[in-house]
2 protein chains.
Amino acid sequence: MLIISDVLRGHTETIILAHLINKDSYGYEINKAIQEKTQGSFELKEATLYTAFRRLEQAGCIISYWGGEETGARRRYYAITENGKQLYAENKTDWEKAKQLIDKLTGACTN
Amino acid sequence: MLIISDVLRGHTETIILAHLINKDSYGYEINKAIQEKTQGSFELKEATLYTAFRRLEQAGCIISYWGGEETGARRRYYAITENGKQLYAENKTDWEKAKQLIDKLTGACTN
DNA sequence: CGCGATACCTCGCCTGTCAATGTATATTTT
DNA sequence: AAAATATACATTGACAGGCGAGGTATCGCG
């Protein structure tokens with residue numbers, strides 16, 4: 001991985017939720033989508049992904065159902081809930097704030 | 001703390017280095033500076049701060065020396081090294097990349 | 001003298017990441 | 001038909017960074 005993963009830490013859930021906003025999806029597909037989007041410069045590890053799914057489901061932010069085994073192995077689909085949409089919105093505004101804050105704090109100070 | 005700390009994770013060292021770029025400083029002062037800069041919306045916890053100092057010193061990114069007890073308790077000053085300046089520069093470019101990446105990945109996807 | 005501010009430090013827990021490993025099925029290759 | 005590859009999900013155990021809680025010491029003020 002080219003990008004230091006500690007910086008990405010804490011964004012896993014938001015990344016997942018972002019992918020579920022428009023349509024239901026499943027782990028493998030989300031992972032592939034991320035790899036394509038970032039052209040390999042960042043990969044969500046499977047273990048990380050699935051533990052995040054567990055967290056989100058337990059928090060009532062997503063729900064899961066089995067389906068769509070037509071093409072290959074069985075898939076567990078996830079759908080975002082109202083809770084999830086709310087969390088996504090919160091995380092997005094938090095991120096905007098955090099971005100500014102980090103920019104300010106990591107700028108060489110002249111005082 | 002208002003901002004989710006996991007998002008800030010991994011930036012502690014960069015924040016410290018940023019404060020040492022222009023002048024030597026010590027823990028308490030750096031902490032106070034951060035609190036003022038962010039108007040209380042983010043506080044680097046002492047335990048976090050001092051463990052980060054240890055890490056940075058062990059990595060040869062900063063060096064420490066005792067001094068300046070004139071006003072109160074004794075202070076341990078830190079100075080940035082060439083290694084530290086390099087790490088700072090790397091972290092900054094990483095951050096720019098990561099910012100773009102996160103923005104891209106947490107945007108609701110329309111595909 | 002007690003209290004608050006200054007200043008530093010450590011222990012142990014918690015949480016998120018991830019390498020390693022395992023399972024099962026479908027498709028493609030040999 | 002067997003082997004390899006791709007699809008797809010899941011768990012375990014280790015690791016690292018953040019931080020709550022607690023501790024030490026000095027100085028000035030009332």
Side-chain angles (χ1 to χ4, degrees), chain A residues 1-17 19 24-36 42-59 61-62 64-78 87 91 98 101-102 105, chain B residues 1-16 24-36 42-59 61-62 64-78 91 98 102 105:
Chain A
M1 188 177 326
L2 299 172
I3 298 288
I4 290 127
S5 56
D6 245 346
V7 176
L8 274 307
R9 191 189 176 102
H11 295 284
T12 310
E13 297 181 7
T14 317
I15 292 170
I16 292 172
L17 292 174
H19 275 264
D24 294 7
S25 189
Y26 56 98
Y28 199 82
E29 188 180 51
I30 290 175
N31 217 10
K32 279 273 172 291
I34 290 166
Q35 277 171 51
E36 275 170 41
F42 171 62
E43 186 194 358
L44 233 182
K45 300 303 182 310
E46 290 202 348
T48 307
L49 189 67
Y50 289 112
T51 50
F53 280 141
R54 297 289 153 273
R55 272 201 308 278
L56 285 167
E57 188 158 28
Q58 245 194 320
C61 293
I62 56 175
S64 67
Y65 57 93
W66 289 100
E69 292 101 338
E70 318 90 10
T71 41
R74 100 238 107 115
R75 296 172 183 164
R76 188 200 278 276
Y77 279 87
Y78 294 96
L87 178 63
N91 285 359
L101 214 53
I102 293 169
L105 288 173
Chain B
M1 190 177 325
L2 298 171
I3 299 288
I4 289 126
S5 56
D6 247 342
V7 176
L8 276 305
R9 191 192 175 101
H11 295 283
T12 311
E13 297 180 7
T14 316
I15 291 170
I16 291 172
D24 295 6
S25 189
Y26 55 98
Y28 199 83
E29 189 181 51
I30 290 175
N31 217 9
K32 280 273 173 293
I34 290 166
Q35 277 172 50
E36 274 170 40
F42 171 63
E43 186 193 358
L44 234 183
K45 299 303 182 309
E46 290 203 348
T48 307
L49 189 67
Y50 288 113
T51 51
F53 279 140
R54 296 292 151 269
R55 274 201 307 278
L56 285 168
E57 189 159 28
Q58 244 192 323
C61 293
I62 56 174
S64 67
Y65 57 93
W66 289 101
E69 293 101 337
E70 319 89 10
T71 40
R74 98 238 108 117
R75 294 171 184 165
R76 189 200 277 275
Y77 279 86
Y78 294 96
N91 285 359
I102 294 169
L105 289 172

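Below, read A as the first sequence line, B as the second, and so on, with proteins coming before strands; counting in each chain starts at 1.
- Residues meeting the salt bridge (charged side-chain N to carboxylate O under 4.0 Å, His left out) test with A/Glu57, sequence neighbours left out: none.
- For A/Leu8 and D/dA16, the CG to C1' distance is 16 Å, given to the nearest whole Å.
- Residue A/Tyr28 has no polar side-chain atom (N or O) positioned under 4.0 Å from OP1 or OP2 of D/dC9.
- With sequence neighbours left out, the side chain to side chain contact (heavy atoms under 4.5 Å, CB included) criterion links A/Asn31 to A/Gln35, A/Leu44, A/Glu46, A/Leu49.
- In this structure, the CG atom of B/Asn31 is 13 Å from the C1' atom of D/dC19, given to the nearest Å.
- One interatomic measurement links the two molecules: CG of B/Asn91 to C1' of D/dG17, which rounds to 14 Å at whole-angstrom precision.
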Counting primed atoms, P, OP1 and OP2 as sugar-phosphate and everything else as base, the B/S/- map of nucleotides 9-16 of chain C against protein heavy atoms under 4.0 Å is BB----BB
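- Qualifying salt bridge (charged side-chain N to carboxylate O under 4.0 Å, His left out) partners for B/Arg54, counting only residues two or more places apart in sequence or in other chains: none.
- Ring geometry, B/Tyr26 versus B/Tyr77: the interplanar angle exceeds 60°, so the pair is classed perpendicular (tilted spans 30 to 60°).
- In this structure, the salt bridge (charged side-chain N to carboxylate O under 4.0 Å, His left out) partners of A/Arg55, at least two apart in sequence or on a different chain, are A/Glu13.
- Every side chain to side chain donor-acceptor pair (under 3.5 Å) that B/Thr14 has, sequence neighbours left out, goes to B/Asn91.
- Between A/Leu49 atom CG and C/dC18 atom P the separation is 11 Å, expressed in whole Å.
- Summarising the geometry, the separation between NZ on A/Lys45 and P on D/dC15 is reported as 18 Å, rounded to the nearest angstrom.
- The interatomic distance linking B/Gln58 (CD) with D/dA16 (P) rounds to 12 Å, in whole Å.
- Look at CD1 on B/Ile34: it is 11 Å from P on D/dC19, rounded to the nearest Å.
- Between A/Arg75 atom CZ and D/dA6 atom P there is a gap of 17 Å when expressed in whole angstrom units.
- Nearest-nucleotide assignment on DNA chain C puts the 5′-proximal partner with B/Glu29, out of A/Leu44 and B/Glu29.
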